[in-house]
Amino acid sequence: MFKKFTNGCVQLVNRWLPDPFIFCIILTIIVFVAAIPATGALSHGFGGILTLVENGWMGGVWSLLAFSMQMALVLVLGNAFASAPIIKKFLHSVAGTFKSPTAAIIGITAISTIACWINWGFGLVVGALLAKEIARQVKGVDYRLLMAAAYSGFVVWHAGFSGSIPLQIASGFTFPNGVEVPATPIAQTIFSPWNIAMCLVILVGLPFILAKAHPSPEETISVDPALLADEEFEFKKPETPAEKMEYNVVLSGLIVVAGLVGLVLYFMHHGADINLNIVNFIFLILGIAAHKTPIAYVKAIESAAKGAAGIILQFPFYAGIMGLMTFAFKDADGAVISGSLAGVISDFFVAISNRITFPIFTFLSAGVVNFFVPSGGGQWTVQGPIMMPAGEALGVSPAVTGMAIAWGDAWTNMVQPFWALPALGIAGLSARDIMGYCILTLIFSGIVVCGGFIIVGLLTA
């Protein structure tokens, strides 16, 4: 029965999920149409529609440029680092500990979940790279499921060390519209007993569920290890002054030393604040060190950059969708005079909630909004000013409301290609290849988190 359900999910996705770029276009059309009544655009005549296009969609298209570059670097720097001979040997050694397809799926799911809980950027890269190496060594393992398992660990990221919402409210937070969130220590959010319990249930249960989903031998899609081989940089004896500089280990060494000093100073001054820029900087410095010569690292980056096409093309469209979701009409003085589509969705869930059900409905609403605003920071800006005061009015603590938004933001990433693009770029797969299996992660984690928030609601009522 379970295998039939899994195969049904895979077949459904393979048949109906288009290329992620087509998915972007379809989402854009759906959100644009839904935003017209939500914002009251027609009350402004045809000019209201044009304003929605210009200020909503076009106004958002380029709003994620910095983030897009960060995500492209997650893929490129992580892949370049892994292609260094010394790192290949290490990944080869770790992957060699898994002797069967079942062990491989269980192992990569657990490792990815732990890594993503520690830091989501680190976890995305490490999971994809290790899965790729496991595919080279473990015979009979399904490559699609293996990569889906590596990505599935991402479902806990917002409940972990790098969760942007719990970290932002730890010292108090004020939204642009003036709504204030009191200081909420991470002992009440990330390290709360109920949050840790949900993470542990997922960590223990998810690896075995995905392992159980492994296709039968005749349905397994393995990959030829030769197709996963990285381009090898061919060293030669430098002859010209230019080549001697390109092969100069000292030049690389100077940058590495400077980078390590900078990292030490950063952590001395900022503690364990590991943001996306720091993750990328770590991979940059370690990559230069691992490749030894400047020209070897240049070649590794050139090879890795080929997988960044999806991010470059699709992220502006998701930024445009976010612009449509958050757009609201304003008067001549800049005061908001209409609602936004994201606000309408959030208000609906607030209207049907009480003190017990508010956490679970907040989680579910965040999961819906995340389809269209697949950015933790962006979603917090959209939903926080609505859900946090509503929760306070119902007597729900800011810690519970904030974490409900955080879990919802991470939850539907399992069927939203946005965050999978770096891992897919490393793996050389499409979203269609893994999302059928990720539906299992969506269902299991959804049950766990819903159950957890129902218990929290009952205990705090």
Side-chain angles (χ1 to χ4, degrees), residues 116-120 154-199 202 272-275 326 342-343 345-350 353-370 373-413 445-446 448-461:
C116 285
W117 190 86
I118 294 173
N119 181 271
W120 70 264
F154 191 60
V155 77
V156 304
W157 85 268
H158 221 150
F161 269 131
S162 61
S164 57
I165 291 176
L167 293 179
Q168 283 183 326
I169 65 176
S171 56
F173 187 84
T174 302
F175 290 98
N177 66 348
V179 171
E180 295 184 1
V181 181
T184 309
I186 59 174
Q188 299 176 23
T189 54
I190 296 173
F191 293 108
S192 64
W194 46 268
N195 186 65
I196 293 295
M198 288 190 286
C199 290
I202 291 173
D273 180 17
I274 306 178
N275 55 48
T326 59
I345 295 172
S346 299
D347 287 338
F348 167 77
F349 281 96
V350 169
S353 301
N354 56 40
R355 185 173 179 177
I356 296 175
T357 61
F358 184 77
I360 188 172
F361 280 134
T362 299
F363 164 69
L364 294 174
S365 71
V368 173
V369 172
N370 181 61
V373 188
S375 164
Q379 183 159 350
W380 175 237
T381 302
V382 169
Q383 281 199 284
I386 300 170
M387 309 307 285
M388 298 302 285
E392 184 179 4
L394 290 171
V396 180
S397 74
V400 173
T401 304
M403 290 307 294
I405 298 173
W407 271 105
D409 167 71
W411 177 47
T412 47
N413 285 331
S445 60
V448 171
V449 178
C450 283
F453 279 123
I454 288 175
I455 294 173
V456 170
L458 290 171
L459 293 177
T460 58

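All values derive from a computational prediction rather than experimental measurement. Both backbone and side-chain heavy atoms feed into the values below; hydrogens, waters and symmetry mates do not.
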Minimum heavy-atom distance [X]-[Y], with the two atoms named:
X: I345; Y: V369; result: CG2-CG2, 3.9 Å
X: A410; Y: V155; result: CB-O, 3.4 Å
X: I190; Y: G160; result: CD1-O, 3.1 Å

Is there a donor-acceptor contact under 3.5 Å from the side chain of T412 to the main chain of G367?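 Checked: pair present.
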
Parallel, tilted or perpendicular, as decided by the 30° and 60° cut-offs, for the rings of W380 and F173: tilted

Which word best sums up how the rings of W411 and F363 line up, parallel for under 30°, tilted for 30 to 60°, or perpendicular for over 60°?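 Rings of W411 and F363: tilted, as their planes differ by 30° to 60°.
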
For D347, all residues meeting side-chain hydrogen bond (donor to acceptor under 3.5 Å, both in side chains), sequence neighbours excluded: none

Which pairs with one or both residues in residues 359-368 pass side-chain hydrogen bond (donor to acceptor under 3.5 Å, both in side chains), sequence neighbours excluded?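 As it turns out, the side-chain hydrogen bond (donor to acceptor under 3.5 Å, both in side chains) pairs with a partner in residues 359-368, which skip direct neighbours, are S365-Q383.
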
Looking at [atom1] of [X] and [atom2] of [Y], how far apart are the two atoms once the value is rounded to the nearest 0.5 Å?
X: I202; Y: W117; atom1: CD1; atom2: CH2; value: 13.0 Å
X: C450; Y: I455; atom1: SG; atom2: CD1; value: 11.5 Å
X: L364; Y: F453; atom1: CG; atom2: CZ; value: 10.0 Å
X: F361; Y: F348; atom1: CZ; atom2: CZ; value: 8.0 Å
X: L458; Y: R355; atom1: CG; atom2: CZ; value: 11.5 Å
X: I356; Y: I360; atom1: CD1; atom2: CD1; value: 12.0 Å

State, yes or no, whether a side-chain contact exists between L459 and W194 at a heavy-atom distance under 4.5 Å. no

Taking the side chain as every heavy atom from C-beta outward, state whether L167 and F161 have any atom pair closer than 4.5 Å.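 L167 does not reach F161 side chain to side chain.
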
N/O donor-acceptor pairs under 3.5 Å from side chains in residues 386-407, not counting sequence neighbours:
from : atom 1 : to   : atom 2 : distance (Å)
S397 : OG     : V400 : N      : 3.3
T401 : OG1    : S397 : O      : 3.4
W407 : NE1    : N195 : OD1    : 2.9

Step by step, would you call F349 with T357 a side-chain contact (heavy atoms from CB on, under 4.5 Å)? CA-CA 10 Å; F349 281 96; T357 61; over 6 Å; no

